Amino acid sequence: MERSIRRLHRTDLPTDTTKLARFLIGKTLVHDLPEGRLSGRIVETEAYVVGDAAAHAFRGQTRRNRSLFLRPGHAYVYFAYGLHNMLNVSSEESGVGAGVLLRALEPLEGIPLMQRRRAQERVTDLARGPGRLAQAMGVSLRHDGLDLCAAGPLWLGASVRPTGEIGKSVRIGISRETERLLRFYERRSPYTSGSRSLRV
DNA sequence: AGTGCGATTGACT
DNA sequence: GTCAATCGCACTA
């Protein structure tokens, strides 16, 4: 039995990258598959803003990062370390490269399917971290460039319950622009990644 | 056409 | 705490 989750319209999205990263905390990511629905609450994000040396779009548009230059609400999927996919949401007007990395989800629907995909029982470990999130949700390079605000299998939904207090911190795993407070997370959520000091 | 490496993870000391 | 895995793609030539 699927929950009824309202799809987010593109006009619901804030036009600023950092605001979008904060806005997406508590919202829902949904992937409708023939086997059933996978969904989860977004509990951790990072903003990769215009002029940010840590951002993939920093050096301009290339074949790989072109999805970051689409209108807000498109998927940019990046494949790293030969193993992991990472899902971003494009965040600025067409032609401007910026995005929000989805780093962790609280699983809602399709948990048995996620457990099988991840070969992992613990619900708190299913989507804690960007690589795990993509694996649990069945997101891969095939989804690069998809419009998450259009009628499609992979989409963004509204909150299904009130969002807790939101914290911010430095971003994880980058070597440049390390001081910027562009990581957002739901405080006290057991589903976020990062060391304890980044979860306060 | 060849080279180097990454917005990570899981296994292991 | 360390470290290897493994692919697409940007970069250099």
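Residue numbers start from 1 in every chain, and the chains themselves are labelled A, B, ... in the order their sequence lines are given, proteins ahead of strands. Quick caveat, the model's predicted, so the values are computed rather than measured.
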Please report, rounded to the nearest Å, how far the [atom2] atom of [N] is from the [atom1] atom of [X].
{"X": "A:Met86", "N": "B:dT9", "atom1": "CE", "atom2": "P", "value": "7 Å"}
{"X": "A:His84", "N": "B:dT9", "atom1": "NE2", "atom2": "C1'", "value": "4 Å"}
{"X": "A:Leu87", "N": "B:dA7", "atom1": "CG", "atom2": "C1'", "value": "12 Å"}
{"X": "A:His56", "N": "C:dC11", "atom1": "NE2", "atom2": "P", "value": "12 Å"}
{"X": "A:Asp125", "N": "B:dG10", "atom1": "CG", "atom2": "C1'", "value": "11 Å"}
{"X": "A:Asn65", "N": "C:dG8", "atom1": "CG", "atom2": "C1'", "value": "13 Å"}
{"X": "A:Arg63", "N": "C:dG8", "atom1": "CZ", "atom2": "P", "value": "12 Å"}
{"X": "A:Tyr81", "N": "C:dA4", "atom1": "OH", "atom2": "P", "value": "14 Å"}

key: Pair partner, B:dA1 [Watson-Crick or wobble, under 3.5 Å]   =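 By the stated definition (distances under 3.5 Å), C:dT12 pairs with B:dA1.
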task = Under a 3.5 Å limit for both distances, which nucleotide forms a Watson-Crick or G-U wobble pair with B:dA7, could you say?
result =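 Per the H-bond distance test, none.
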request  = Please state the P separation for the pair C:dC11 and B:dA7 - nearest whole angstrom.
outcome  =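 Taking atom P in both C:dC11 and B:dA7, they lie 13 Å apart.
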query = Roughly how far apart, to the nearest Å, are B:dC5 and C:dC3 at atom C1'?
reply =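 Comparing C1' positions in B:dC5 and C:dC3 gives a spacing of 16 Å.
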message = What's A:Ile174 touching, base or sugar-phosphate or nothing? Going by heavy atoms closer than 4.0 Å.
response =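 The residue A:Ile174 makes sugar-phosphate contact but no base contact.
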request  = Look at all strands and tell whether A:Arg118 reaches a base, only sugar-phosphate, or nothing, counting heavy atoms closer than 4.0 Å.
outcome  =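 Sugar-phosphate contact only.
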inquiry  = I want to confirm an ordering. Mapping A:Gln135 and A:Asn88 to their closest nucleotides on DNA chain B, which one lands closer to the 5' end?
reply    =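 Looking at DNA chain B, the more 5' nearest nucleotide goes with A:Asn88.
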message = Measuring to OP1 and OP2 of B:dT8, would you say a side-chain N or O of A:Arg103 lies under 4.0 angstrom away?
response =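 Answer yes for this pair, as a side-chain N or O of A:Arg103 is under 4.0 Å from OP1 or OP2.
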ask   = Just to confirm, is there a sub-4.0 Å distance from OP1 or OP2 of B:dA7 to any side-chain nitrogen or oxygen of A:Tyr78?
value =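 Yes, such a contact exists.
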query = Under a 4.0 Å N-O cut-off, is there an ion pair linking A:Asp16 with A:Lys19?
reply =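 The answer is no: the pair does not qualify as a salt bridge.
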ask   = Hey, are A:Asp147 and A:Arg10 close enough for a salt bridge, meaning a charged N less than 4.0 Å from a carboxylate O?
value =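 Judged by the 4.0 Å cut-off on N to carboxylate O distance, A:Asp147 and A:Arg10 do form a salt bridge.
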A:His56 and A:Tyr78 aromatic centres sub-6.0 Å =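 Yes; A:Tyr78 has its ring centre under 6.0 Å from that of A:His56.
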ask   = Would you say the side-chain atoms of A:Arg66 and A:Gln61 include a donor-acceptor pair closer than 3.5 Å?
value =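 Their side chains do not contain a donor-acceptor pair, so the 3.5 Å distance test is not met.
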ask   = Can A:Phe79 be called stacked on C:dG8 when the rule is centres closer than 5.5 Å and an angle between planes below 30°?
value =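 So no, this residue does not stack on that base, at least one cut-off failing.
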task = Identify which one of A:Arg128, A:Arg183, A:Arg199, A:Arg103 satisfies the side-chain hydrogen bond (donor to acceptor under 3.5 Å, both in side chains) criterion when paired with A:Ser193.
result =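 In the set A:Arg128, A:Arg183, A:Arg199, A:Arg103, the residue that makes a side-chain hydrogen bond (donor to acceptor under 3.5 Å, both in side chains) with A:Ser193 is A:Arg103.
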request  = Can you figure out which of C:dG8, B:dG10, C:dA5 approaches the side chain of A:Leu141 most closely?
outcome  =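 Closest nucleotide among those given: C:dG8.
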inquiry  = The side chain of A:Thr62 is closest to which nucleotide in this list: C:dA10, B:dA7, B:dT9?
reply    =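 The closest nucleotide is C:dA10.
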